[in-house]
Amino acid sequence: MASLEIDHGPGIRSYKRDFHPAHYMFKIVSLSTVEVEKYESGIFEVGGHKWSLAFYPTGNKNMNGNGYISLYLVIKDTVKLPACWEVNVSFRLFLFDQIRDNYLTIEAANGEISRFHATKTECGFAQFVSIKSFHDASNGYLVGDACIIGAEVFVVQSSRKQDALFMIKSPPNNIMTWTLTKFSTLHDDYDLSEVFTIEESKCCRFMIYPNGYGLGKGKYLSIFLHCVETVSQYRNMKVYVEFKMRIKKLARSSSPLEFNAKHWFSTSEDWGFYTFVSLVDLRDPNKGLIENDCLTIEAEIIAISKAKGFT
């Protein structure tokens, strides 16, 4: 079937086509559940290089993307490339129309080649499609709070990988609790909790530095959430976690010491608070943070991403 040309501005060729992106498709589910400035897809390999997609649902503000969704192709694992590397590519990016079963397809006009190098690791379109058009139900781009994007890089061939990213708010069993007994006797640089199961996967644990770490060394208690490597379901994708970290006071009349955080985790990465609470306040019996030489830490998972393949 012939493609339908669309006027999308100078230097850009935009049209509708019926057949699938040949190399990669990425589905984002529950898009409105959590406000995220940027989504990054899983990794796919084409032409001897690894790639991902970067999707900005409210536009890349740094590249004049206000009022639009922005979509980019990103080259990955560049540290493995030789010095002064350069990769020249021709690519197309896609947004699926779920009503008409076709794809809004955008590429550089006149066969222009995009050049990736050390200071330019992503190329794409800051003004891919207007936010108004994206959210207009009649266009079919956002259906059931889900959208599907895709990419073709180099030679078109049927080797695509398909990932779906779900944003889950307040998942079941979302409270992680760890009580450290005989806290005053802890002399190791850090201590690790057991691995907790969230959304049927063992994914997170606590990492605590009793005498601080980095900026908090010697003056603060440092607490981090650690994303472990055993989360095979995430398929080389980062994991978004929004959470509350707190020290739970055992006295019923006392409210916990609590802070909010959110982060995109790579596997085996820790992220949290270098200066959670000063060691002076921690050891002050009037603060009630430690009781009977026990310290209880909790993390409440407010939202977490979950990835899997889709058909």
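Numbers here are sequence positions counted from 1.
The side-chain heavy atoms of Ile208 and Tyr190, taken from C-beta on, include no pair separated by under 4.5 Å. Proximity of Phe206 to Asp191: side-chain heavy atoms (C-beta onward) are nowhere separated by under 4.5 Å. In this structure, Ile149 and Phe55 have side chains that are in contact, with non-hydrogen atoms separated by less than 4.5 Å. Looking at Phe259 and Lys244, their side chains never come closer than 4.5 Å, going by heavy atoms from C-beta outward. With a 4.5 Å cut-off on side-chain heavy atoms, Leu53 and Leu93 count as touching. In this structure, Tyr39 and Pro57 have side chains that are in contact, with non-hydrogen atoms separated by less than 4.5 Å. Residues Phe44 and Val153 meet the side-chain proximity criterion, which asks for heavy atoms closer than 4.5 Å. Using a 4.5 Å heavy-atom threshold, the side chains of Gln162 and Lys27 count as separate.
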Problem set entry | Chi angles and distances behind the ring-ring contact (aromatic ring centres under 6.0 Å, His included) call for His20, Tyr103 | CA-CA 8 Å; His20 300 297; Tyr103 294 84; 5.8 Å; yes

Problem set entry | Criterion salt bridge (charged side-chain N to carboxylate O under 4.0 Å, His left out) on Glu40 and Lys76, from CA distance to verdict | CA-CA 11 Å; Glu40 187 167 329; Lys76 309 296 290 186; 2.5 Å; yes

Exercise. Can you list the steps and then say if Lys248 with Glu298 is a salt bridge (charged side-chain N to carboxylate O under 4.0 Å, His left out)?
Worked result: CA-CA 7 Å; Lys248 187 177 180 182; Glu298 281 192 349; 3.5 Å; yes

Problem set entry | Asp163/Tyr24 under side chain to side chain donor-acceptor pair (under 3.5 Å): CA gap, chis, key distance, verdict | CA-CA 9 Å; Asp163 284 331; Tyr24 189 65; 3.1 Å; yes

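Here the two rings, on Trp51 and Tyr72, have centers that are 6.0 Å apart or farther. Residues Tyr274 and Phe224 place their aromatic rings such that the two centres sit under 6.0 Å apart.
One finds the CZ atom of Phe166 at 13.0 Å from the CG atom of Leu31 (value rounded to the nearest 0.5 Å). One distance of note links OG1 of Thr185 with CG of Leu180; it measures 9.5 Å at 0.5 Å rounding. For the atom pair OH of Tyr220 and CZ of Phe273, the computed distance is 14.5 Å after rounding to the nearest 0.5 Å. One finds the CG atom of Asp136 at 10.5 Å from the CG atom of Leu142 (value rounded to the nearest 0.5 Å).
Geometrically, Arg13 engages Tyr15 in a cation-pi contact defined by less than 6.0 Å to the ring centre and at most 45° from the axis.
Taking both residues in full, the closest heavy atoms of Lys306 and Ile168 are given as CB-CD1, 3.8 Å, listed atom of the first, atom of the second, then distance. The two residues Phe128 and Ser70 come nearest to each other via the heavy atoms CB-CA, 4.5 Å. Across Lys16 and Tyr141, no two heavy atoms sit closer than the pair CE-OH, 3.4 Å. Here the closest heavy-atom approach between residue Thr179 and residue Cys294 is recorded as CG2-CB, 4.3 Å. Here the closest heavy-atom approach between residue Val195 and residue Cys203 is recorded as CG1-N, 3.9 Å. When all heavy atoms are compared, the tightest approach of Gly212 to Ser222 is CA-OG, 3.4 Å.
Only one option out of Val74, Ile75, Thr78, Leu81 pairs with Phe116 in a side chain to side chain contact (heavy atoms under 4.5 Å, CB included); it is Ile75.
Under 3.5 Å, the side chains of Asp145 and Ser32 contain a donor-acceptor pair of N or O atoms. For the residue pair Asp189 and Tyr213, no side-chain donor N or O sits within less than 3.5 Å of a side-chain acceptor on the partner. Using a 3.5 Å distance cut-off with no hydrogens or angles, the side chains of Ser41 and Ser52 do not pair a donor with an acceptor.
No more than 12 heavy atoms of other residues, nucleotides or ligands lie within 6.0 Å of NZ in Lys262, so this atom counts as exposed by the packing criterion. Other residues, nucleotides and ligands place no more than 12 heavy atoms under 6.0 Å from the CE atom of Met63.
The aromatic rings of His263 and Phe265 sit perpendicular to each other, their planes meeting at more than 60°, with 30° as the lower class boundary. Ring geometry for Phe91 versus Phe125: interplanar angle of 30 to 60°, hence tilted.
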